[in-house]
Amino acid sequence: MSSPHSAIVGMGRATYLRLLVFFLAPAAIVYTVFSIYPLLATIFNSLYLYHSETKSYDYVGLGNFTTLLTDTTWSVPFWNAFRNNLVFFAIHMSVQNPIGLALAAMLSLPRLRLRATYRTLIFMPTMLSVVIIGFVWQLILSPLWGIAKLFLQTFGLGFLFAPWLGQEGSALITISLISVWQFVGIPMILIYTALLAIPEELIDAATVDGLNQFQAFVWVKLPLILPTIGLVSILTFVNNFNAFDLIYAMKGALAGPNFSADIMGTLFYRTFFGNQLQLGNASMGSTIATMMFIIILIGVMTYLFVIQRRMQRYSF
Amino acid sequence: MSEVKIRNLHKSYGSVDVLKDNNLIVENGAFVVLVGPSGCGKSTLLRCIAGLEPISSGTITIGGKTVNDLPPAQREIAMVFQSYALYPHMDVYGNMAFGLKFAKTPRPEIDARVAEAARILQLEPLLKRRPRELSGGQRQRVAIGRAIVRKPQVFLFDEPLSNLDAALRINTRVEIAKLHKMLAATIVYVTHDQVEAMTLADKIVVMNKGRIEQTGKPLDLYYKPANLFVAGFIGSPAMNFLAATVKDGKTLELADSQHLNVPLPAASKPGDQVTLGCRPEHMRLGGDGTLALKGTVDIIERLGETGFAHIRMATGQTIIAEVRGDPGTSPGASATLSLAPAQLHLFDASGQRLG
Ligand SMILES: Nc1ncnc2c1ncn2[C@@H]1O[C@H](COP(=O)(O)OP(=O)(O)OP(=O)(O)O)[C@@H](O)[C@H]1O
Ligand SMILES: [Mg+2]
C-alpha cells in the first residue's frame with residue numbers, strides 16, 4: 001500500500017515532511033510560546049514556595065495546594081471566590097443564555113422587520129470596552145447622581161431603588177447582570193446562526209402536523225440546536241471562570257464590599273501581583289491559577305465526555 | 001367527498017401579484033398535476049391550498065368546507081415536500097407519529113396507522129432508523145408515509161421526486177401511481193417533469209406567470225393546446241412555430257414567402273396574422289411537397305432509432321423534425337419537410353387556438 005502523502009500529492013517523503021513542518025511551525029511556535037510555556041511555568045511555580053527573606057525557592061510538592069485549601073488565611077478567600085464564581089456562572093446560565101435563546105428565536109421570526117438593526121444593537125455592548133461599560137453602569141446606578149433612581153421615581157417605583165453595587169447582598173448579582181447585558185449578544189448570535197441553518201420546509205412540515213410557531217420552536221428547532229446550546233454553555237463556563245476585567249473595572253482588586261464580588265480572577269490578581277498592604281506572592285498566585293485551570297479542565301472534560309457524546313449534530 | 005375547489009384565488013406579496021384569479025376544481029379521487037416554468041407560482045398555489053400561505057382574496061374549499069381561515073392542520077391535507085422535511089431528531093416511527101401525537105390521537109390508533117403505512121411503503125424494517133440513516137428513496141417513502149397516516153382528504157406533493165436519481169425517480173413514479181389507485185386519494189402534484197405530468201395525471205394544469213393557461217387531460221393538452229404557451233410547453237422537443245399570413249381561404253404565406261395549403265377556419269380573413277404550429281414528431285424529412293417546407297439541414301442529432309434534424313429555413317429560423325432510422329441526408333444538404341395536415345395547430349395573433 002502506498003503511503004497517503006505520495007498517493008495524494010505525488011511528492012517524496014522528505015519533501016512532504018519539510019512541507020509539513022513549514023506549515024505547522026508558525027502555529028506550533030506561537031502556541032508553545034504563548035500558551036503551553038506559560039501554563040507549564042505556572043504549574044511548575046505552584047510546586048515551589050518563595051521565601052522573600054532569602055529570595056529563594058523551595059520545592060514543596062503539593063504543599064501550596066494544601067495551604068490554599070486548609071489554612072483559613074487562604075481557604076476562606078478561596079472558597080468565597082469559588083462560591084461567588086459559581087453564582088456568577090449560574091446567573092449567566094440562567095439569565096444570559098435563556099435571554100440569548102429567546103432573542104435568537106425572535107430574530108428568526110419570519111415576519112420580523114428591522115432585523116439587522118436589532119441584531120446590531122443587541123450585539124453592540126459586546127464590542128464596547130469593559131472599562132467603559134463598568135464606568136457607565138456605575139454612573140447609572142449611583143445613588144447620588146445616577147439616573148436609575150430618577151427613572152424608577154418617574155414611575156412611582158422610587159422605593160425599589162437601593163445602592164445595589166454598594167451592598168454586600170447585591171453587588172455580585174448586580175455585576176453579573178451587567179455582564180449578562182454586555183455579553184447576551186454572543187449566545188444570541190451563535191444560536192441565531194444555528195436557527196438559520198434549519199430549513200423552512202421543516203417548520204412547514206411541523207405546521208402541517210399541527211404545531212404553532214412556539215410549539216415548532218420547542219419540539220423541532222430546540223432539539224436541533226441543542227449542540228449549539230451546549231457549546232454556548234461551555235463557552236459561558238470557561239469565560240465566567242476566567243472573568244476578571246468587569247469586576248476589576250467596577251470594584252477594583254478588592255472586589256468589595258467585603259469581598260462580596262470576589263471571584264477567582266480577582267483573587268488570583270491580588271495574590272499574584274499584590275494589592276495595597278498585601279504583598280505579591282508568585283507561588284500562591286500560581287497555585288490559584290493552577291486551581292482555576294483544573295476547575296475549567298474538569299468542566300470542559302465533563303462536557304466533552306459526558307454531555308457532548310450524547311448529543312447528535314444534524315446536517316440538513 | 002374530498003373535492004378541492006379554488007375560486008378567484010388571488011395572492012400577492014406586497015405589490016407583486018404571484019397568483020392572479022385562479023379557478024380550479026380537483027375532483028374527488030383525481031390526480032391533478034400542476035406544471036409550468038420556474039417561478040410561475042406552482043408551489044405558491046400548493047402552499048395556499050395547504051394553508052401555509054395566507055391568500056389575498058378568493059375562496060378555497062376542501063370537501064365542501066371553506067378552509068380560507070383554517071390553519072393547515074385543520075384542512076385535512078397532507079403535504080410531501082421536495083426536501084422531504086423529515087424531522088432529523090426522530091426515527092421513522094417518530095416522524096410518522098408526530099402529527100398524530102399532537103392531534104391527541106390515542107396511542108393504539110397511532111400504532112395501527114403507522115404500522116399500516118409502513119406495510120404499504122415497505123418501511124417496516126426501518127421504523128427505528130433516523131432519517132440520516134436512510135437512502136434518498138427511503139426518506140421519500142417516509143415522507144409519503146407521514147402523509148398517509150394523517151388520512152387526509154387531499155395529498156399535496158411539491159416536486160417530490162426531484163431529489164432522486166433518474167432510475168429511482170421512475171420507480172417512485174410508478175409507486176405513487178399505484179398508491180393513488182390503492183388509496184383512491186385526491187392528489188395535487190407539482191412537477192417540472194413533463195413525463196411525470198403526462199404519466200401520472202388525470203388532469204394537468206398548465207400555469208404561467210401566476211395564471212392557469214389551460215386545464216385538461218394530458219392528451220387533450222397535447223393534441224389541442226388552447227394557446228401558444230401550452231403548445232410550446234407540453235411536448236419535448238417543443239412544438240415548432242412559424243409566423244404566417246392568411247392569403248386566402250386555404251393558403252398561408254410564411255415569412256420566407258413559401259406557400260402552404262392548410263385547412264383554415266371559416267372565420268379567418270385574408271391578411272390575418274397567425275402562427276402555425278407543428279410538433280417535431282409530426283414532421284417527416286422528404287415527401288411529395290403538397291404540405292412541405294424547404295430548408296437546409298443544420299445538424300442531425302441521433303438518439304438511436306429516432307433522432308432530430310435541425311432544419312434552417314430561409315428566414316434563419318430553425319425547425320426541429322423527428323427522424324426515424326436512417327435520415328438519408330447530411331448537414332448542409334437541402335431538405336424538404338412534410339407536415340401531417342391533421343396535426344397542425346393554428347393560433348391567432350393573440351396566441352389563442354384557432355379551430
Ligand atoms: N416570500 C415571497 N416574497 C415575494 N415573492 C415571492 C415569495 N415567495 C415566492 N415569491 C415569488 O412568487 C413567484 C412564484 O413562486 P413559486 O415558488 O410558487 O414558483 P414555482 O412555480 O414553485 O417555481 P419552481 O418551479 O422554481 O419551484 C416567484 O416569482 C417568486 O419569486
Ligand atoms: Mg416550487
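Everything quoted here is computed from the prediction, not taken from an experiment. A note on names: the letters A, B, ... follow the listed sequences, proteins ahead of strands, and every chain is numbered from 1.
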Determine all donor-acceptor pairs shorter than 3.5 Å in which one atom belongs to a side chain in residues 121-128 of chain B; sequence neighbours excluded.
none

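- Atom NZ of B:Lys5 has 12 or fewer heavy atoms from other residues, nucleotides or ligands within 6.0 Å.
- In this structure, A:Asp209 CG and B:Lys101 NZ are separated by 11.0 Å, a value rounded to the nearest 0.5 Å.
- Only the side chain of B:Phe102 has a heavy atom closer than 4.5 Å to any heavy atom of chain A.
- The contact list for residues 199-208 of chain A toward chain B, using heavy atoms and a distance under 4.5 Å, reads A:Glu201, A:Leu202, A:Asp204, A:Ala205, A:Ala206, A:Thr207, A:Val208 by residue number.
- Interface check for chain A: of the options B:Pro71, B:Ala143, B:Gly99, the most heavy-atom pairs under 4.5 Å are formed by B:Gly99.
- For B:Gln82, the parts lying near chain A are the backbone and the side chain together; criterion is any non-hydrogen pair under 4.5 Å.
- For a heavy-atom cut-off of 4.5 Å, chain B lies close to A:Val220, A:Pro223, A:Leu224 in residues 220-227 of chain A.
- More than 12 non-hydrogen atoms from other residues, nucleotides or ligands lie less than 6.0 angstrom from CZ of A:Arg115.
- Your options are B:Met90, B:Met79, B:Arg130, and the one with the most heavy-atom pairs under 4.5 Å with chain A is B:Arg130.
- At a 4.5 Å heavy-atom cutoff, the contact between B:Ile77 and chain A is made by backbone and side-chain atoms alike.
- Both the backbone and the side chain of B:Pro88 come within contact range of chain A, each with at least one heavy atom under 4.5 Å from a heavy atom of that chain.
- Contact annotation for B:Arg47: only side-chain heavy atoms (C-beta onward) come within less than 4.5 Å of a heavy atom of chain A.
- Crowding of B:Lys209 atom NZ: a count of heavy atoms from other residues, nucleotides or ligands under 6.0 Å not exceeding 12.
- Contacts of residues 172-192 of chain A with chain B at a heavy-atom distance below 4.5 Å are absent; not one residue qualifies.
- In this structure, A:Phe123 places its CZ atom where more than 12 heavy-atom neighbours from other residues, nucleotides or ligands lie under 6.0 Å away.
- Counting heavy atoms of neighbouring residues, nucleotides and ligands inside a 6.0 Å radius, atom OH of B:Tyr13 exceeds 12 of them.
- Between A:Gly210 and B:Ala73, the shortest heavy-atom distance links the atoms CA-CB, 3.2 Å.
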